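Let me begin by presenting the structure, written as structure tokens, before commenting on it.
Just so we're clear, the structure is a prediction, and the values are computed from it rather than from any experiment. Ligands are counted one by one from 1 in listed order, and the atoms in each one are counted from 1 as well.
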Amino acid sequence: MTTETSEESKELPTSVDLAAEYEASGVAEVLRELDEELIGLEPVKQRIRETAALLLVDRARKSMGLSHETPTLHMSFSGNPGTGKTTVALKMAGLLHRLGYVRKGHLVSVTRDDLVGQYIGHTAPKTKEVLKKAMGGVLFIDEAYYLYKPDNERDYGQEAIEILLQVMENNRDDLVVIMAGYADKMDKFFSANPGFRSRIAHHIEFPDYSDEELLRIAEQMLDGQNYHLDEAARAAMKEYISLRRQQPHFANARSIRNALDRARLRQANRLFTSARGPLDAEQLSAIGEEDIRASRVFQGGLDVDRPMHTGEQK
Ligand SMILES: Nc1ncnc2c1ncn2[C@@H]1O[C@H](COP(=O)(O)OP(=O)(O)O)[C@@H](O)[C@H]1O
Ligand SMILES: [Mg+2]
């Protein structure tokens, strides 16, 4: 038996069943996960569904021998801290892998310090090392605009930028770059670096969550850890969210995660110091009103998330 290897002699399909492809590729599964695991983010989910559709059609066209050019898949995710950018980037990596656009589908997440060296001659090797690790997957550059320091002529960031631009052009069939950060800073960054703007085809905006969405996120996070809010605690959490939002360093879902970490600490402490006799599973998993209301936010104080978790330092 001989195997035909030349492109011309391969039988091309005369039709494709997109719905079947959608299920078989595993794309359907990733999109379902995205829908279920992430509260809200409707516009983001819509954009991702559109991107998936585009890529599925592109793949189908390629399989039928229709004119084909690898689409540009570099993206920017703009939005405030804690709006789900990193989480969605991970899903995106899985999606691109299932569609065959990247070989491995892993995500390498970096910031300026991972790419730019402190001394002359250190930046190029650092940036190249990161690119090597990311090849075949997604390179996620958080707060990408810090690469560019217009006030400093001698900044090594420029060197990293030039290498990135080159690789984004030459290796776009094997590496997808996602740049993330605050919307206004990203805009300025792209205006000052048109090379990036022209290489990034997909700009996705991540809106802040509403109070109601943050409450649902809180309940989902607790549920995943086998905890829940009792009714009074739920009301307290609602108040907490509207107060916390007005404070500095508010970081959407990340502030919620941090607040819940503290609430669980208080619950444990409360149970430990006050419980007499055996506790049942319900007592061990219920977060009470007092566990939420003990936060300084209710006394007009600050409940500042550690800056390293808000993406607001530097
Ligand atoms: N829509 C959402 N539903 C549930 N959890 C979310 C949602 N968005 C973010 N989170 C959670 O909030 C935290 C911060 O999200 P992350 O993706 O790191 O935000 P960003 O990268 O925009 O700062 C993570 O623990 C993530 O799981
Ligand atoms: Mg992030």
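- Annotation: Thr86 places an N or O atom under 3.5 Å from an N or O atom of ligand 1; distance criterion only.
- The closest side-chain donor-acceptor pair between Arg49 and Gln46 falls under 3.5 angstrom.
- The closest approach between a heavy atom of Met221 and any atom of ligand 1 is below 4.0 Å.
- Between Glu37 and ligand 1 there is a heavy-atom distance shorter than 4.0 Å.
- Checking side-chain atoms of His74 against main-chain N and O of Val177 turns up a donor-acceptor pair under 3.5 Å.
- Here Ile217 has side-chain heavy atoms under 4.0 Å from ligand 1, and that is the only part of it that gets that close.
- For Arg244 and Phe250, the positive end is not near the middle of the six-membered ring at less than 6.0 Å and at most 45° from its axis.
- In Phe77, neither the side chain nor the backbone holds a heavy atom less than 4.0 Å from any atom of ligand 1.
- At a heavy-atom cutoff of 4.0 Å, ligand 1 is contacted by both the backbone and the side chain of Lys85.
- Checked against a 6.0 Å centroid threshold, the rings of Phe190 and His203 count as neighbours.
- Atoms of ligand 1 found under 4.0 Å from any heavy atom of Thr87 (numbered from 1 in listed order, with element): 15 (O), 16 (P), 17 (O), 26 (C), 27 (O).
- Between the side chains of Tyr148 and Lys188, no donor-acceptor pair is found at a separation under 3.5 Å.
- Look at Arg98 and Glu29 and you find a salt bridge, because one of the NZ, NE, NH1 or NH2 atoms lies within 4.0 Å of a carboxylate O, short of that distance.
- Near Pro81, meaning under 4.0 Å from any of its heavy atoms, are these atoms of ligand 1: 23 (O).
- Residue contact annotation: Gly82 has a non-hydrogen atom under 4.0 Å from ligand 1.
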